Every structure is written in C-alpha cells, then in structure tokens.
Number of protein chains: 2
Amino acid sequence: MQILVVEDDKRISDFLIKGLEENGILVTLCKNAEDVLACYSTIQWDLIICDIMLPGMDGIQLVQTLRYKKVFVPILMLSALGSVQDKVTALDYGADDYITKPFHFDELLSRIKALTRRQQYQQEEAPTSIFSYGELTVDLNQYRVLVAGQEIDLSPKEFKLLVYLIENVDKTVTRTQILNAVWGITFDNHTNVVDVYISYLRNKIENPNNKYIYTLKGVGYIFKT
Amino acid sequence: MQILVVEDDKRISDFLIKGLEENGILVTLCKNAEDVLACYSTIQWDLIICDIMLPGMDGIQLVQTLRYKKVFVPILMLSALGSVQDKVTALDYGADDYITKPFHFDELLSRIKALTRRQQYQQEEAPTSIFSYGELTVDLNQYRVLVAGQEIDLSPKEFKLLVYLIENVDKTVTRTQILNAVWGITFDNHTNVVDVYISYLRNKIENPNNKYIYTLKGVGYIFKT
DNA sequence: TTGAATTTATGCAAATTCTCGTAGTAGAAG
DNA sequence: CTTCTACTACGAGAATTTGCATAAATTCAA
C-alpha cells in the first residue's frame, strides 16, 4: 500500500510517516499542494492524507483541484479545526473522510482501512474496465457510455450511480446502499434523490425495447441481465 | 445479531435502523438513557450504539451507569462533537469505541464487526442464495420467486415471511417468533397480520397438489419438506 | 451573470399493509 | 354423535406507503 501525505508541519509528518511505515505502508511526503500537483500523475497512490492548513493553496482547494483533474483516489483530510462546517466543506469538495488532530493512531489506521477497502474490493470485482450488455456499453476508465453505438452524456452522479448498479448486476440494491455508495456520508434518508437519478438514468440509457433497471417495490432496484 | 441503538434524533435513528436491518441485524431503539436502564436486564444485546448527546442523562453517564451495573456489552459512542476530550472521556468511562457524525456507513459496519468479532458475525455473502423445493424456487439475491417455473410477485412482507419460514424449514415457528423476525413487533398480541399474510402466501405459492405451509393449531406454522 | 448539475418539494396513482368482521374448523367434553 | 370453545382462514375495505413524474429551488463552475 502506498500513501501520499501532504503536511507542512514536520512534527506531524514525522509522526505519520513513522507510524505508517511501522504498519508496512509506503509513504510519500509533499510539504505543499503545489508539489502534489506537480507530480500527481507520475505515481499511483492508494490513499492521500492531506492537512487542511497548508502554506499557499490549502487542502480543500487541493482536493477540489485533484477531483477536477479526475483523480479519484480516496482522500482523508487532517485538521486541527473540529468544526462541523470544515468537515462538511471538505467532504463537499470531494474528500472521503476527515479526522481531527490530535487523534489516536489506531483510529487513523482504521479509517485508512475503511477507505481503501472499497478500492480493493472494486479492483477485485471489476478487472475489466468495460462493461457491455444489450445496447449498453460502459467504459469505466474513460468515463464513456454508449447506447446502441451512440455516445451519451451522463452527469457525474448519473455515471457513478450506473457504475454502482453495474457492479451489482443481478443483485438487489436498496436505496440506502445506493446512498451510501454513491452519495457517501449522509444521515438523510428522507430524500428521494436516488429515485430521481434512477429516473434520469432510465431516460438516458433505456428505451421501450431495452430495459436494464428494474424496480423492486418496497426493496430497491436491480440491474438485470 | 441484536443491537441496541440509543438515539433521540429521529433522522439519525431511522438511518441507523434502516442500514443495520439491511445488513441482517436486529435493532432495538431507545430514545433516552432512562428507557435503557428500565429494560437493559430483559434483553441481551451484542452491542450498544449510543449517542453522547441525549435529553436528560447523557450518553457518558449512561455508559458509566451500565458498567457500574456490570453490563459489559461492547458500547460504541456516537457524537457530533469531534473534540478529543469527549472521546477520551467516553473511553475512560467504559465505552469501547467512538465514531463522529457524519460517518461512512461502511466504517460503522467495520467497527461493529471489530467490536463483536468474538460473537459469530456471519454477514459474509450468503453462499446459498437459492432455495428450491418441489415446484418452488426462491432466489434471495434477486428477490425472485418461481412457482413451477413461473415467476410470481410477492410483496416485501410476503417475501420476508417466506424467507423466514424457509430459514426454519421443518421447524415449528410460533406467531410471536414470526412477528419478531418479520415485523419486529415485540409486544402486540392483538393482531392477526401473521394469519393474514400466511393466507396471502398460500394463495400465491400453493395449489392443491403442492402444499408447503402447515398450520399447527394452538402453536404456529411450519414449512414442511 | 448564465447554464448545467444536483437537490428538494409536491401531487397522484397504484401497491401494500393491516384491521375488522364473519365464517369455518378441529378437537375436547358431554 | 352433538355441542361448545378456542383457534384459524380469509374477504372487504380503510389507511398508509411507495414509486415516479414534474417542477421549483439551490449550488457551483465558468
């Protein structure tokens, strides 16, 4: 496992590097956001641990920039600020988790585990990056969707939802599972975003002769082949 | 697995209950510490998930009291506050773990797994997801039921009831057991829903030559092979 | 600002759940 | 065998929930 640590405070980075390496993790260190942007394309990390307070471009801006550049590695934010607002902002901008300093190293490890588990799972489950069924073709790497040979435009959320359904072909997935997997952190289960996005997807990829997504009333949805 | 959730915020408790139940966990809800103390001796839980902020007695006091009363069930604290002090206090007073809101549901599940590892926690992908007997075939993953090769529609409750009966093939189950497992109702003997749903099921899956569900007068029902 | 993406709100039709009431049944007691 | 009683079956319909389309509101990047 290879992790990038973005941290300018030497005391903290030393602490992190020592702890992580003792757990068999390879660590790269960048002291500011600019360094990360200069080299992000050369190395494939499994996880990025990033302080929010950085000299120059701050951590949240960095996350935003990386996501914009289609870097989807899990990112764990690190901050001395414990306010919920920061947490929410960071998560909104594309971070996957958040931990406040100081913290138990055990907790950090368990969060790292949690964040990289899905990744590994996906790698095991989806060795092929192209999924095809009926008139539908989805290129998971290139972010492209073809319907009957015609390329169609999906918004990021629509794409993520489709990918999740495809990862669970022929298995029922509940709205809660979809919310967890596609929307991430939330306590709001009085929302119908899932329904709405299922509807968007259906409009874009289905037609009367080619249906993929079936509703199981009172349960959830299933992508059937 | 049976978990007690102590949480006064309905949105959060709804979210927790839904997510946990979808992972095959039985959930009891208490809205305050006092309710827990009133009934902790009657039910044996495998884990307690407890919010710190509660009306009246708070979560930390509750943990302290339970430990004083020699209740050693693992306790996972839940809080919006990210301060280290709270975390340390909670752990000092006898909690086993701590998670701050909001969180990834995956992380909660993995912590639950960690805390209950001693007990058997069999939530690994059910290897046999298809049950078949006589003309009846039930696919638990795809939520499909076939009778003599013909797919039939079951409502969620009907399906859940059927699954419960199948899980207890050749074993008598009482109405109370069914109520607990399928409806989650604990104290209500003034309803005949079970009878009604047994009737629905029989109409949908049985015919004069293929009977599966037998009534044991004064006792309950049994799915016989 | 605009326009696209996302989220929230709302209304309706259809499905589901559940209560009630009545009819029926099995088995014990006479 | 008949009667009685506790138990069971199930139709009818009310109450609730659900799925989904539509539209409005909000967010966010350019």
Side-chain angles (χ1 to χ4, degrees), chain A residues 60-61 63-70 85 88-95 143 145 152-162 164-165 172-176 178-179 182-206 211 213-222, chain B residues 11 14 17-18 22 143 145 152-162 164 172-176 178-179 182-185 188-208 211-222:
Chain A
I60 291 179
Q61 286 172 289
V63 171
Q64 199 177 354
T65 312
L66 285 173
R67 292 307 187 217
Y68 179 71
K69 289 178 184 293
K70 310 253 183 262
Q85 193 43 55
V88 172
T89 309
L91 298 172
D92 277 353
Y93 280 107
Y143 209 87
V145 179
I152 59 158
D153 248 358
L154 293 189
S155 79
K157 277 270 152 57
E158 288 163 357
F159 185 78
K160 213 168 168 187
L161 172 60
L162 177 58
Y164 183 70
L165 290 173
T172 309
V173 287
T174 66
R175 288 181 174 71
T176 312
I178 294 175
L179 264 182
V182 178
W183 275 263
I185 295 174
T186 172
F187 281 117
D188 194 356
N189 55 355
H190 297 301
T191 174
N192 67 339
V193 261
V194 175
D195 301 53
V196 174
Y197 270 80
I198 289 282
S199 166
Y200 290 165
L201 254 190
R202 281 176 169 157
N203 279 327
K204 290 193 177 178
I205 67 171
E206 295 189 337
K211 296 205 179 301
I213 303 167
Y214 294 84
T215 304
L216 295 162
K217 300 202 175 189
V219 186
Y221 298 96
I222 186 169
Chain B
R11 273 190 347 174
D14 279 358
I17 291 171
K18 216 169 174 186
E22 280 171 11
Y143 209 85
V145 179
I152 59 158
D153 251 356
L154 293 190
S155 81
K157 276 272 149 60
E158 289 162 358
F159 187 81
K160 212 169 170 189
L161 173 59
L162 177 57
Y164 183 71
T172 310
V173 287
T174 66
R175 287 182 174 70
T176 313
I178 294 176
L179 266 182
V182 178
W183 275 263
I185 299 168
D188 185 3
N189 49 359
H190 194 62
T191 176
N192 68 337
V193 261
V194 175
D195 299 56
V196 174
Y197 272 81
I198 288 284
S199 166
Y200 290 165
L201 254 191
R202 281 176 169 157
N203 276 325
K204 290 192 177 178
I205 67 172
E206 294 189 337
N207 61 51
K211 295 206 180 299
Y212 310 101
I213 303 167
Y214 295 84
T215 306
L216 295 163
K217 202 176 151 89
V219 187
Y221 298 94
I222 186 168

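Keep in mind it's a predicted model, so treat the numbers as computed, not measured. First the proteins, then the strands, lettered A, B, ... as listed; each starts at 1.
At a threshold of 4.0 angstrom between heavy atoms, the contacts of B/K157 are confined to the sugar-phosphate backbone, with no base atom among them. A/F159 comes within contact range of no nucleotide atom at all, as no heavy-atom separation falls under 4.0 Å. Residue contacts for A/L154: at a heavy-atom cut-off of 4.0 Å it reaches no nucleic acid atom on any strand shown.
The phosphate of D/dA29 (OP1 or OP2) has a side-chain N or O of A/Q64 nearer than 4.0 angstrom. Side-chain nitrogen and oxygen atoms of B/T191 include none within less than 4.0 Å of the OP1 or OP2 phosphate oxygen of C/dC18. Dashed line: the shortest gap from a side-chain N or O of A/R175 to OP1 or OP2 of D/dT18 is not under 4.0 Å. For C/dT16, the OP1/OP2 oxygens have no side-chain nitrogen or oxygen of B/S155 closer than 4.0 Å. Residue B/Y221 places at least one side-chain N or O closer than 4.0 Å to OP1 or OP2 of D/dA9. Of the side-chain N and O atoms in B/W183, one or more sit less than 4.0 angstrom from OP1 or OP2 of C/dC18. Distances shown here put every side-chain N or O of B/T215 at or beyond 4.0 Å from the OP1 or OP2 atom of D/dC7. Contact between the side-chain N/O atoms of A/R202 and the OP1/OP2 oxygens of D/dC20 is found at a separation under 4.0 Å.
If you take CG of A/L216 and P of C/dT16, they are 11 Å apart, rounded to a whole angstrom. For the pair B/N203 CG and D/dA12 C1', the interatomic distance rounds to 14 Å; values are reported in whole Å. The interatomic distance linking A/E158 (CD) with C/dT7 (P) rounds to 11 Å, in whole Å. Taking atom CG of residue B/L201 and atom P of nucleotide C/dT16, one finds them 13 Å apart after rounding to whole Å. Separating the NZ atom of B/K204 from the C1' atom of C/dT16 is a distance of 9 Å, rounded to the nearest angstrom.
In this structure, the nucleotide among C/dG21, C/dT7, D/dA21 sitting nearest to the side chain of A/S199 is D/dA21. Among the nucleotides D/dG19, C/dA9, D/dC7, the one closest to the side chain of A/N192 is C/dA9. Of all nucleotides listed (D/dT8, D/dC20, C/dC20), D/dT8 comes nearest to the side chain of B/D195. Each of C/dC18, D/dA9, C/dT6 was ranked by its minimum atom distance to the side chain of B/Y197; first place goes to C/dC18. With D/dA12, C/dT10, C/dT16 as the choices, the nucleotide that has an atom nearest any side-chain atom of B/Y200 turns out to be D/dA12.
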